[in-house]
Novice: 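This is the structure I have questions about; it appears just below.
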Amino acid sequence: MAIFGSSRDVTTFKGIARELLENVISQQVGYYKYMLGDTQKNVYGEATSRYYIGPVLINCLIERGEFNAARKESLGPDVNRDATFRFLKDHLQDANVVPEIGDVIMYNELYYEVDNVNQNQLILGKDPNYAYSDGLNAFGSSFSIILTTHYTSGDKLGINQQRL
């Protein structure tokens, strides 16, 4: 039987993390959800345009990589940048957002497309949804969702903001 990591401990951890993200760090991103059902495909199964819902403002932690320029022979330089966005799972549930590959995050007027979704950060290493012994389903919790992304052009996505 587990001694630590009960629902009271989990509530304390999540309360501290929520206060840090909302009141101390307070970095927000715009989250665009990819609408697969509304995107039209051509004969080859390719989409000429995508449709998104959003943006939804969500607090998160951001780890930005450096801009890297790759030289194209005839088209000029191409800019690459990786970024990692760490969301508190409760914030995503409050915003009714389920992250998936292909979604877009806007931060600092730049767009990042989601490459990978990691949901393996657990409080005390336990997930109550996958407890193999009786009595452990009240201990631990899934804590955060980490998205790895790459920079993409707003023109490519078709969600550029228009100036008046």
Side-chain angles (χ1 to χ4, degrees), residues 1-39 45 47 50-68 70 79-154 156-157 159:
M1 180 64 116
I3 297 174
F4 302 105
S6 68
S7 61
R8 288 181 59 198
D9 298 328
V10 169
T11 304
T12 302
F13 292 147
K14 287 184 178 182
I16 292 169
R18 184 179 283 269
E19 185 168 343
L20 278 172
L21 282 175
E22 292 173 1
N23 300 332
V24 178
I25 298 169
S26 66
Q27 290 180 326
Q28 288 187 329
V29 296
Y31 196 95
Y32 290 87
K33 184 72 180 149
Y34 180 52
M35 295 175 49
L36 186 60
D38 292 345
T39 301
R50 295 181 180 179
Y51 294 97
Y52 296 93
I53 300 173
V56 177
L57 289 178
I58 304 174
N59 292 316
C60 69
L61 290 175
I62 303 166
E63 181 182 337
R64 297 171 297 276
E66 297 294 327
F67 279 110
N68 298 319
V79 177
N80 298 321
R81 183 183 202 180
D82 294 331
T84 303
F85 297 90
R86 292 174 169 84
F87 295 95
L88 189 61
K89 193 172 180 182
D90 290 348
H91 283 156
L92 292 171
Q93 289 173 346
D94 293 345
N96 199 18
V97 171
V98 177
E100 295 176 320
I101 295 172
D103 292 346
V104 174
I105 297 172
M106 183 184 71
Y107 173 69
N108 204 18
E109 297 183 16
L110 299 175
Y111 296 97
Y112 297 90
E113 190 171 353
V114 176
D115 294 327
N116 197 7
V117 179
N118 292 320
Q119 192 172 339
N120 58 4
Q121 192 173 24
L122 306 173
I123 294 177
L124 298 174
K126 301 173 191 159
D127 190 354
N129 296 327
Y130 299 103
Y132 292 116
S133 59
D134 292 332
L136 289 180
N137 55 354
F139 295 91
S141 179
S142 179
F143 190 64
S144 69
I145 295 178
I146 302 170
L147 305 179
T148 54
T149 63
H150 69 277
Y151 168 75
T152 187
S153 167
K156 211 183 284 186
L157 298 171
I159 54 177

Novice: Of all heavy-atom pairs between G30 and P55, which one has the smallest distance, and what is that distance?
Specialist: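 Result for this residue pair: CA-CB, 3.9 Å.
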Novice: Can you tell me how far apart CD (Q93) and CD1 (I145) are? Round to the nearest 0.5 Å.
Specialist: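 So the gap between those two atoms works out to 7.5 Å.
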Novice: Output the distance between atom CG (N108) and atom CD (Q27), rounded to the nearest 0.5 Å.
Specialist: 10.0 Å
Novice: Within a strict 4.5 Å, meaning less than it, do heavy atoms of the V29 and F87 side chains meet?
Specialist: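 Heavy-atom side-chain distance check passes, below 4.5 Å.
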Novice: For the atom pair NZ (K33) and OH (Y31), what is the distance rounded to the nearest 0.5 Å?
Specialist: 5.0 Å
Novice: The criterion is side-chain contact (heavy atoms from CB on, under 4.5 Å); which residues satisfy it with T148, sequence neighbours excluded?
Specialist: T84, D115, N116
Novice: So, taking the atom named CG in L147 and the one named CD1 in I105, what distance separates them when rounded to the nearest 0.5 Å?
Specialist: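 Spacing of CG (L147) from CD1 (I105) equals 5.0 Å.
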Novice: Testing the basics here: between L92 and P99, what is the closest heavy-atom pair and its distance to 0.1 Å?
Specialist: CD1-CG, 3.7 Å
Novice: Answer yes or no: is there a side-chain heavy-atom contact under 4.5 Å between Y107 and F85?
Specialist: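 When only atoms from C-beta onward are counted, F85 and Y107 do touch, with a gap below 4.5 Å.
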Novice: Give the minimum heavy-atom separation between I101 and V117, together with the two atoms involved.
Specialist: N-CG2, 4.3 Å
Novice: Dump the intermediate steps for side-chain contact (heavy atoms from CB on, under 4.5 Å) on K14 and K89, then the final yes or no.
Specialist: CA-CA 9 Å; K14 287 184 178 182; K89 193 172 180 182; over 6 Å; no
Novice: To the nearest 0.5 Å, tell me how far L21 CG sits from I58 CD1.
Specialist: 11.5 Å
Novice: Any heavy-atom pair between the side chains of N59 and L88 that's under 4.5 Å?
Specialist: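 The answer is no, as the side chains (C-beta and beyond) never meet within the 4.5 Å cut-off.
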Novice: I'd like to check the side-chain contact (heavy atoms from CB on, under 4.5 Å) partners of V98; sequence neighbours left out, ordered by chain and number.
Specialist: none
Novice: For residues Q121 and S144, determine if any side-chain heavy atom of one lies less than 4.5 Å from a side-chain heavy atom of the other.
Specialist: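 Yes, their side chains come closer than 4.5 Å.
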Novice: I need the minimum non-hydrogen distance between M106 and Y32, along with the two atoms involved.
Specialist: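 Closest pair (atom of M106, atom of Y32, distance): CB-CE1, 3.9 Å.
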Novice: Flag yes if more than 12 heavy atoms outside E22 fall under 6.0 Å of its CD atom; otherwise flag no.
Specialist: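 Result for CD/E22: enclosed.
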Novice: How long is the span from the NE2 atom in H150 to the OG1 atom in T152, to the nearest 0.5 Å?
Specialist: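 It comes to 5.0 Å.
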Novice: Tell me, please, which residues at least two apart from L110 pass side-chain contact (heavy atoms from CB on, under 4.5 Å).
Specialist: F67, R81, Y112, Y151
